[in-house]
Amino acid sequence: MDSKLTRSTDVERVAEILGLPEGIRDSASLEINVEGGLPTSSFEKILAVMHSRPVLDIIPERAFRRAKSEKIPLSPTKSQILYDFSRAYVVVDRVHQGNGALVMRFMEKPNPDLGGAVPMALAISSPAGADAVIELLTR
């Protein structure tokens with residue numbers, strides 16, 4: 001499986017990393033999917049794109065397993081966490097030109113420009129945390 005992100009815009013790339021259909025081309029459509037609860041396959045797709053299991057749990061393993069076994073979408077809260085992480089990840093991926101090792105090194109290493117916070121931990125903490133990681137890389 002080719003796990004490089006191929007869609008052109010950041011919104012399309014976020015949809016791609018979440019395993020959502022190609023027809024999602026704007027933030028409003030993407031947010032509707034997130035609010036309704038993402039499928040468990042979205043988490044599996046993120047792990048596939050990352051090439052390795054991250055040091056931090058993006059979402060609790062128990063919540064993922066429960067949703068998968070019951071064949072239900074992830075909760076809106078867990079879906080928002082995946083969405084926020086994905087938003088930050090695609091920007092880091094673009095900056096590091098798809099080099100998965102560099103992306104994960106950036107995401108998992110404390111960053112002095114973020115007050116010593118680990119970008120991944122910040123990105124999964126809240127939408128504002130994801131925005132802070134994105135803003136750091138887009139200034």
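Here, residue 1 is the first one in the sequence, and each next residue gets the next number.
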If you look at every heavy atom in [X] and [Y], which pair is closest and at what distance?
| X | Y | value |
| --- | --- | --- |
| Val90 | Asp10 | CG2-O, 4.2 Å |
| Ala123 | Ala88 | CB-CB, 3.8 Å |
| Leu18 | Lys45 | C-CG, 4.3 Å |
| Gly116 | Pro110 | O-CB, 3.3 Å |
| Met50 | Met104 | CE-CE, 3.2 Å |

Applying side chain to side chain contact (heavy atoms under 4.5 Å, CB included) to Glu16 and Ile24, what does each step give before you reach the verdict? CA-CA 9 Å; Glu16 180 180 15; Ile24 297 174; over 6 Å; no

Determine which pairs satisfy ring pair (Phe, Tyr, Trp, His ring centres under 6.0 Å) with at least one residue from residues 20-50, sequence neighbours left out, and list them in order. Phe43-Phe64

Determine which pairs satisfy ring pair (Phe, Tyr, Trp, His ring centres under 6.0 Å) with at least one residue from residues 13-36, sequence neighbours left out, and list them in order. none

Atom [atom1] of [X] and atom [atom2] of [Y]: how far apart are they, to the nearest 0.5 Å?
| X | Y | atom1 | atom2 | result |
| --- | --- | --- | --- | --- |
| Ile124 | Asp57 | CD1 | CG | 8.0 Å |
| Ser41 | Leu74 | OG | CG | 9.0 Å |
| Leu136 | Leu122 | CG | CG | 9.5 Å |
| Ile58 | Asp84 | CD1 | CG | 11.5 Å |
| Ser42 | Ile59 | OG | CD1 | 9.0 Å |
| Gln80 | Glu35 | CD | CD | 8.0 Å |

Any side-chain heavy atom of [X] within less than 4.5 Å of one from [Y]?
| X | Y | value |
| --- | --- | --- |
| Leu47 | Pro54 | yes |
| Met107 | Val92 | yes |
| Ile46 | Tyr89 | no |
| Pro119 | Leu114 | yes |

Treating [X] as the side-chain partner and [Y] as the backbone partner, does any N or O pair qualify as donor plus acceptor under 3.5 Å?
| X | Y | value |
| --- | --- | --- |
| Thr40 | Lys68 | no |
| Glu12 | Thr9 | yes |
| Ser79 | Leu38 | yes |
| Asn99 | Ala101 | yes |

For the hydrophobic clusters of this structure (ILVMFWY residues joined by side-chain heavy atoms under 4.5 Å, transitively), does one cluster hold both Val91 and Leu56? yes

Would you kindly confirm whether Val11 and Val95 end up in one hydrophobic cluster when ILVMFWY residues are joined by side chain heavy atoms under 4.5 Å apart? yes

Any chance you could lay out the side chain to side chain contact (heavy atoms under 4.5 Å, CB included) test for Asn111 and Phe106, step after step, and finish with the verdict? CA-CA 8 Å; Asn111 190 301; Phe106 173 84; 3.4 Å; yes

Quick one: side-chain hydrogen bond (donor to acceptor under 3.5 Å, both in side chains) partners of Asp131, sequence neighbours excluded? Arg87

Sorted by chain and number, sequence neighbours left out, side-chain hydrogen bond (donor to acceptor under 3.5 Å, both in side chains) with Ser29 holds for Asp26

Can you pull the salt bridge (charged side-chain N to carboxylate O under 4.0 Å, His left out) pairs that have at least one residue in residues 99-112, sequence neighbours excluded? none

Can you list everything that forms a ring pair (Phe, Tyr, Trp, His ring centres under 6.0 Å) with Tyr83? Sequence neighbours excluded, please. none

Can a salt bridge be assigned to the pair Arg139 and Glu135 using a cut-off of 4.0 Å between side-chain N and carboxylate O? no

